[in-house]
Amino acid sequence: MKLQEHRGLIVITIALIVLSALALTYTLARLRENFTWVEHTNTVIRTLNGSSRAMLSAESNERGYLLTGDQSYLDGYKQARDNALRLVERMERLVIDNPEQAERLKALRPDIMARIAEFDDSVALGPPSLALALERLSVARTRQLTQRVEEKFDDMRELELLLLAERQTRVNRSTLQVAILTACMGVLGVISAGIGATLSARQRSLAALQSANDALAASESGLKERQAHLTAILATVPDAMVTIDENGRIGSFSAAAERLFKYAQSEVIGQNVSILVPAPSDDEDGSSLTRYITSNAPDSIGTGRMMTGARKDGTTFPMELSVGQINLAGRREFVGFVRDLTERHDRERKVHDIQGELFRVSRLSTMGEMAGALAHELNQPLAAVSNYINAARRSLDRLDDDATKPVRDIIGKAADQVLLAGSVIQRLREFISRGQTERQIVTLRQMVEESVGLAFLAVKDRTVQLAMEFDPAVDRVLVDKIQIQQVLLNLIRNAIEAMQTTERALRVTTRPAQNDMVRVEVADRGTGISPEMATRLFEPFATSKSTGMGIGLSISRTIIESHGGNIDVAPNPGGGTIFRFTLPVAPAETLEPARAG
Ligand code: ADP
């Protein structure tokens, strides 16, 4: 039932209760009044009866006294007579409201008074005059006063009885009305109680509804908060993040994902996740990606899969996809983290290129260095051969014999060839020491960082603690980058190899040196230089390692000296070794943009 209908019922019920209460009050007043009237009528009847009895009693006592002369009759007579008079007076007061009865009493009163006067006369005569008294009695009998008085009393009594019956009827009617009204009020009370109960139940359900509403509002605000939280995560998460439902439909798309795929969030929400990968010919709907995500989600977080991503403009890029699963109110959702591998691939390619280049240079240098060493070693025997040939030629010249002429010619040719060999070796040595290098302005920091990366890759060791410190004032140098990286790579690799059994801490620093040079130091905490190596450290083929070639440091010295710097070694005060070399800082006027890489 609606509240409107309730309100109408309540108003009607209250009106009925008020009306019933008024009617009841009125009826009760009437009932009380009727009661009073019944009571009054009864009093009138009692008084009439009393008067009648008093008159009879006066008469009996009068006779008794006259016949017996007994004083007690006389007393009884007086009492009855007074009583009769008093009751008549009372009657007069009682019937004042009833003109008819008042009229009758008025007519009755002279008879009563006359009758009492007769009594008084007889009594005054007393027993001695009994005869006279009896005569008067007989006269009185003839006058029939007593009878008349009684008849009038009867008339009055009859009238009062009629009144009594009528008033009694009224009382009964009022009583019935009271009973009906009381019953009505009882019914109304029950109805009110019913309405009250309904209203209170309704109130309770309203309160329950209200609290449910409050809970809903609270959960809504919680939901909003969580939504805001999610939005904040989506906006700030550094990786591209995409959530999808079980059918592969995209539910959210992070800001990083927008940048990576070049789609706006609004363009992809609700779309199938397959739009983010190039559609392969055998999987037009891209459902295999959805299948991969939904089936691998629970255990593939952290173990990403390499795949190709497609941007909005159709271009593709290498990406790593790792997926996770979230359970939302019994519904599964999947989160995909996408990492762009373009840069990593580029970096790896670059490292690979540098490695190749270094390997090539290293081989060339090694060959050059070996040729140099060879030239050095061959110089002596060649000089000796030359001397011996010259001595032989001189001896043959002294013979001056035609027969020796061809031999002299041959020896002369041999001497020329030896000289030629000597000059070839000399030229080779000059070529190696002069160095055909390509100089450019590069930053030391970048070179050192790349070399450290390569060295760590080469020795496959990541447990060494690394510290680097660069002085930006002397960071730009004019060098052959590949060659200097070769030097750095040698020094860092030697340092790591020297720290196999000791504390593993490597420190590379740059600081200004004299004559516009920068000093680079590579310090390790290794075993230090062994005494037998100390004197021939920079000589070719000097090595203490079973697999070493012993040419790294000699090449390094050649390279550094060809750059106008020098290289030396010193013990590290805290244990280990410090290799130091200098390089020319790029002059201010030759500053030009460094060639990348
Ligand atoms: P290789 O490393 O092939 O032996 P190198 O010319 O680079 O050739 O080094 C020559 C020798 O110098 C090494 O065998 C080693 O005994 C010593 N050496 C070089 N660097 C260090 C270093 N940082 N600590 C200790 N010894 C070193």
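What's counted below: heavy atoms across the whole structure, side chains too, no hydrogens, waters or symmetry copies. Counting from 1, the numbers follow the sequence of the chain as shown. Note that ligands are numbered from 1 as they come in the structure, with each ligand's atoms numbered from 1 the same way.
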If we only consider heavy atoms of [X], is any one of them less than 4.0 Å away from an atom in ligand 1?
X: Asp524; result: yes
X: Ala542; result: yes
X: Phe579; result: yes

To which protein heavy atom is [atom] closest, and what is the distance rounded to 0.1 Å?
atom: atom 2 (O) of ligand 1; answer: Lys545 NZ, 2.8 Å
atom: atom 19 (C) of ligand 1; answer: Asn494 ND2, 3.5 Å
atom: atom 8 (O) of ligand 1; answer: Gly550 CA, 3.2 Å
atom: atom 12 (O) of ligand 1; answer: Leu537 CD1, 3.2 Å
atom: atom 25 (C) of ligand 1; answer: Gly528 O, 3.4 Å
atom: atom 5 (P) of ligand 1; answer: Leu553 N, 3.8 Å
atom: atom 27 (C) of ligand 1; answer: Ile529 CD1, 3.5 Å
atom: atom 11 (C) of ligand 1; answer: Met533 CE, 3.6 Å

With a 3.5 Å cut-off and sequence neighbours excluded, list the donor-acceptor pairs that the side chains of residues 568-578 form with protein atoms.
residue	atom	partner	partner atom	Å
Asp568	OD1	Arg580	NE	3.2
Asp568	OD2	Arg580	NH2	3.1
Asn572	ND2	Asp524	O	2.9

Exercise for the section: For ligand 1, note which part of Thr543 has a heavy atom under 4.0 Å away: side chain, backbone, both or neither. Expected result: both
Completion exercise
Short version for Ser544: what comes under 4.0 Å of ligand 1, heavy atoms counted, is both
Practice task
Could you label the plane-to-plane angle of the Phe538 and Phe579 rings as parallel, tilted or perpendicular, counting under 30° as parallel and over 60° as perpendicular?
Solution key: perpendicular
Handout entry: Interfacing atoms of ligand 1 (cut-off 4.0 Å, heavy-atom, Gly548)
Key = 3 (O)
Handout entry: Distance filter under 4.0 Å to Thr577 heavy atoms, resulting ligand 1 atoms
Key = 24 (N)
State whether [X] and [Y] are salt-bridged, where the test is any N-O pair (Lys NZ or Arg NE/NH1/NH2 against Asp/Glu carboxylate O) under 4.0 Å.
X: Glu267; Y: Lys312; value: yes
X: Asp313; Y: Lys262; value: no
X: Glu450; Y: Lys481; value: yes
X: Asp409; Y: Lys405; value: yes

Exercise for the section: Tell me, please, which residues at least two apart from Lys224 pass salt bridge (Lys or Arg N to Asp or Glu O under 4.0 Å). Expected result: none
Handout entry: Spatial distance of atom CD (Glu220) from atom CG (Asp214) [nearest 0.5 Å]
Key = 11.5 Å
Practice task
To the nearest 0.5 Å, tell me how far Ser252 OG sits from Ile269 CD1.
Solution key: 6.0 Å
